[in-house]
Peer 1: 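Take a look at the following structure, please.
Quick caveat: nothing in here was measured; it's all calculated off a predicted structure.
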Amino acid sequence: SFPNIGHWSVIEDLLAGRWDETPSGIFCVTHLRFGTRNTWEKWFHQTGWQIRTWEAESLPMPPNWTEILKALPVEFDIQGLETLRYRVAAVPS
């Protein structure tokens, strides 16, 4: 499993000027890399792994986030914004 740096809580912290490491969770001090689903997929394929399954552990956005996103002229990956971490099963290609 690995953290999703695209989760809304991370974006909220960055907008507030924070990147505080924690003993667990997305900002856990033990994490060596951070990425989104697209980033992780690219890294797996580049290093010779074939992804068999993806599972997402989610925490929904607060209602005020939904309203804010509707007002912006950009389309957002709502599932990515709500995913805390991914669990992947992969095999060597």
Peer 1: Would you say F76 and L81 make side-chain contact, with heavy atoms under 4.5 Å?
Peer 2: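 Answer yes - side chains close enough.
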Peer 1: Take atom CZ in R33; do more than 12 heavy atoms of anything else shown fall under 6.0 Å from it?
Peer 2: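 At most 12 heavy atoms, drawn from other residues, nucleotides or ligands, come within 6.0 Å of this atom.
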Peer 1: Kindly indicate whether the side chain of P92, heavy atoms from C-beta on, has any atom under 4.5 Å from the side chain of W49.
Peer 2: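 A side-chain contact under 4.5 Å exists here.
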Peer 1: Side chains of L14 and W19: does their closest heavy-atom pair fall under 4.5 Å?
Peer 2: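 A side-chain contact exists here, since the closest heavy-atom pair is under 4.5 Å.
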Peer 1: At their closest point, which heavy atom of H45 faces which heavy atom of I51, and how far apart are they?
Peer 2: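 Residues H45 and I51, closest heavy atoms: NE2-CD1, 4.3 Å.
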Peer 1: Kindly determine whether V10 and F34 satisfy side-chain contact (heavy atoms from CB on, under 4.5 Å), including the steps that lead there.
Peer 2: CA-CA 11 Å; V10 173; F34 296 90; over 6 Å; no
Peer 1: Test of understanding: clusters of I, L, V, M, F, W, Y form through side-chain heavy atoms closer than 4.5 Å, transitively. Do F2 and F27 belong to the same one?
Peer 2: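 Unlinked, F2 and F27 end up in two clusters.
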Peer 1: For the residue pair L69 and W8, establish whether any side-chain heavy-atom pair is separated by less than 4.5 Å.
Peer 2: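 Side chain of L69 against side chain of W8, heavy atoms only: no contact under 4.5 Å found.
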Peer 1: Any donor and acceptor pair, going by atom type alone, linking the side chain of T22 with main-chain N or O of S24 inside 3.5 Å?
Peer 2: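 Yes: the side chain of T22 pairs with the backbone of S24.
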Peer 1: Do N38 and K42 have side chains that get closer than 4.5 Å, going by heavy atoms?
Peer 2: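 Sidechains of K42 and N38: no contact.
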Peer 1: Would you mind reporting whether I26 and S9 have side-chain heavy atoms less than 4.5 Å apart?
Peer 2: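 The answer is yes, as the side chains (C-beta and beyond) meet within the 4.5 Å cut-off.
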Peer 1: Between atom CD1 of I5 and atom NE2 of H7, what is the distance when rounded to the nearest 0.5 Å?
Peer 2: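 Going from the CD1 atom of I5 to the NE2 atom of H7 covers 11.0 Å.
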Peer 1: With clusters defined by side-chain heavy atoms of hydrophobic residues (ILVMFWY) lying less than 4.5 Å apart, directly or transitively, does F44 cluster with V91?
Peer 2: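 No, separate clusters.
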Peer 1: Taking a hydrophobic cluster as the set of Ile, Leu, Val, Met, Phe, Trp and Tyr residues connected by side-chain heavy atoms closer than 4.5 Å, whether directly or through intermediates, do L15 and L59 fall within one such cluster?
Peer 2: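 Result: yes, single cluster for both.
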Peer 1: Step through the shown structure and confirm whether more than 12 heavy atoms of other residues, nucleotides or ligands are within 6.0 Å of CD on E75.
Peer 2: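 Count not over threshold, so no.
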Peer 1: Looking at Q79, I'd like to know if its CD atom is crowded, meaning that more than 12 non-hydrogen atoms belonging to other residues, nucleotides or ligands lie closer than 6.0 Å.
Peer 2: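 Not more than 12 within 6.0 Å, no.
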Peer 1: Can W43 be reached from V88 by stepping across I, L, V, M, F, W or Y side chains whose heavy atoms are under 4.5 Å apart?
Peer 2: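 Yes; tracing contacts between hydrophobic side chains, which count when under 4.5 Å, links both residues.
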Peer 1: What are the two closest heavy atoms between P23 and C28, and how far apart are they?
Peer 2: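 That would be O-SG, 3.3 Å.
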Peer 1: How many angstroms lie between atom OG1 of T83 and atom CD1 of I78, to the nearest 0.5 angstrom?
Peer 2: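 Rounded to the nearest 0.5 Å, the OG1-CD1 separation comes out at 11.0 Å.
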Peer 1: To the nearest 0.5 Å, tell me how far S58 OG sits from E82 CD.
Peer 2: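 The distance works out to 6.5 Å.
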Peer 1: With distance as the sole test, does N4 use its side chain to make a donor-acceptor pair with the main-chain N or O of G80 at under 3.5 Å?
Peer 2: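 At least one qualifying donor-acceptor pair exists.
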Peer 1: Would a single hydrophobic cluster contain both V74 and M61, if residues Ile, Leu, Val, Met, Phe, Trp and Tyr are joined by side-chain heavy-atom contacts under 4.5 Å?
Peer 2: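 Same hydrophobic cluster.
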Peer 1: Which atoms form the tightest heavy-atom contact between W40 and P3, and what is the distance?
Peer 2: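 Reported closest heavy-atom pair: NE1-O, 3.4 Å.
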